[in-house]
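By convention in this document, chain letters (A, B, ...) are assigned in the order of the sequence lines, proteins followed by strands, and residues within each chain are numbered from 1. Model, not experiment: these values are computed from the prediction.
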There are 2 protein chains.
Amino acid sequence: MSNLKSHASDAPSSVRASSNKPSTQKRILDTAERLFAKEGFEQTSLRQITQEADVNLASVNYHFGSKKALIQAVVARYMDVFMPALDEELRGLDDESALTTLQVFEAFKLPLFSLNGIHKRGTERFLRLLGFAYSETQGHLRRYTQSAFGNVLQHLLALLHRANPKLSDEEMFWRLHFVLGATVFAQVSGQALIEIARAEFNYEVNIKTVIEHLIVFIAGGLERP
Amino acid sequence: MSNLKSHASDAPSSVRASSNKPSTQKRILDTAERLFAKEGFEQTSLRQITQEADVNLASVNYHFGSKKALIQAVVARYMDVFMPALDEELRGLDDESALTTLQVFEAFKLPLFSLNGIHKRGTERFLRLLGFAYSETQGHLRRYTQSAFGNVLQHLLALLHRANPKLSDEEMFWRLHFVLGATVFAQVSGQALIEIARAEFNYEVNIKTVIEHLIVFIAGGLERP
DNA sequence: GATTAAATTAAACGCATGTTTAAAATGTGT
DNA sequence: ACACATTTTAAACATGCGTTTAATTTAATC
């Protein structure tokens, strides 16, 4: 599924053979991910990425083709883990006799936390990438998600309808988008919020705490009669 | 409160004397507002604004000093109407004996709709401007709002606490930010959503409908025990 | 070890941005 | 009508961006 320029044979990927230094591709991908999650896609320049990754400016276009393609590659690395995991969790809910909204949203927790396998703070990074993907107008990302994982999202919608049979299609439509808004915003402004919270309430806050609060909130909003 | 360059005497503002054409300042302000609300602050260039306003490129810097100052002037025009109106509505709730969350959020409705006095679609524009102000990193705008209208926002927080005495400070903190997120997102993605909704449900959607749905949703999320 | 393919590099390209400059035009007060 | 302040204008400036080019270095293949 990788969109990388293949250049005939693509044997020596992933890790440089003799050196203990990761390959140029991986260095770009890792640095881009870190900076994208920190500042957003548009705010991060290729010069910034290549400088911090200690690779040549032109290598991004050589290996990925364009900045857009690099963005997609960064996001795809998480999507390819998250979406199948979510899919499995949602399937587990199909047999549930008395399905609740909270159950549906809690099905997100394991897939989200599994992203910490990709990176130490993978959950946080993924959600922030997602946030920027929606708040900046990265139409190509939305289209990619829709076409690659549209079936999973439809499954989600069906389960929410089952948990809230009294809600009209129209109401569900709006509320689901509000849910998305609260989620995205929480992540994009997340770091600032965490710092404020830390100062104000004098206790440690982490991404897990935020997600717990968020799930309760969005379930409450969505279930409102 | 205007940050405009005064240049000694500032007599001939607002409207050009002999011509029936609005002054350069007003033309810039109106066009900038329209484009900012449509595309966001960063996505809108001064060249785009001045071209559509039919004024010279340099006049923005002459009259406003910088793009940042122009952004602030555009937002301030709405804030200066909205915040006092909200303040008054909130004061009206001080004497309420059994205050509910829904009441607090419904206090936003009149101030919001009053913005249609500034422009035909003032409510929509204001909310979208607000959305971009938060989703783009316009730190100076956040600081301006906080310093100019911080007292009103604190009043709001106090009322919400009164309506939800069982909610801890910490929970209120998070939920209020989720509320903000849902609101902002609804507006920034608003036009796209309205069009989707129109196509999907085959009926007319306007900003008022969105706000009605939103208020119910956020009240539900915030009240969740 | 020669030959080919892949990867890296420094430099430039083309374009767009916000801002500044200095001259010209317009308006104002006496 | 003059002198002065204000506004408008066209042009250039400085900077940053993504991308492309062409030469060089490195790696793989026979």
Judged by atom type as modelled, is there a donor-acceptor pair below 3.5 Å linking the side chain of Arg121(A) to the main-chain atoms of Asn116(A)?
-> no

Would you classify Thr44(B) as touching base, sugar-phosphate or nothing, given that sugar-phosphate means primed atoms plus P, OP1 and OP2, and contacts are heavy atoms under 4.0 Å?
-> sugar-phosphate

Does a side-chain heavy-atom distance below 4.5 Å link Ile215(A) with Ile211(A)?
-> yes

Which nucleotide wins on minimum distance to the side chain of [X], given the candidates [options]?
X: Asn56(B); options: dT9(D), dT17(C), dA12(C); result: dT9(D)
X: Ser45(B); options: dT8(D), dT17(C), dA12(D); result: dT17(C)
X: Ala58(A); options: dC17(D), dT20(D), dA12(D); result: dT20(D)
X: His63(B); options: dA12(D), dC17(D), dT8(D); result: dT8(D)

Return the value, rounded to whole Å, for the distance between atom [atom1] of [X] and atom [atom2] of [N].
X: Arg27(A); N: dT8(C); atom1: CZ; atom2: C1'; answer: 12 Å
X: Ile71(B); N: dT17(C); atom1: CD1; atom2: P; answer: 14 Å
X: Gln48(B); N: dG18(C); atom1: CD; atom2: P; answer: 10 Å
X: Gln25(B); N: dT8(D); atom1: CD; atom2: C1'; answer: 13 Å
X: Ile28(A); N: dA7(C); atom1: CD1; atom2: P; answer: 12 Å
X: Phe36(B); N: dG18(C); atom1: CZ; atom2: C1'; answer: 12 Å
X: Asn61(A); N: dC13(C); atom1: CG; atom2: P; answer: 17 Å
X: Asp54(A); N: dA10(C); atom1: CG; atom2: C1'; answer: 15 Å

Does this structure show an ion pair linking [X] with [Y], if we count only N-O contacts that are shorter than 4.0 Å?
X: Asp30(B); Y: Lys26(B); answer: yes
X: Lys109(B); Y: Glu212(B); answer: yes
X: Arg91(B); Y: Glu88(B); answer: no

Starting at the 5' end of DNA chain C and moving along, which residue's nearest nucleotide shows up first, Val55(A) or Ser66(B)?
-> Val55(A)

dT8(C) phosphate, OP1 or OP2, under 4.0 Å from Ser59(A) side-chain N/O = no

Thr24(A) side chain N/O closer than 4.0 Å to the phosphate oxygens (OP1, OP2) of dA7(C)?
-> no

Going by modelled atom types, is there a donor-acceptor pair between the base of dG16(D) and the side chain of Arg47(A) at under 3.5 Å?
-> no

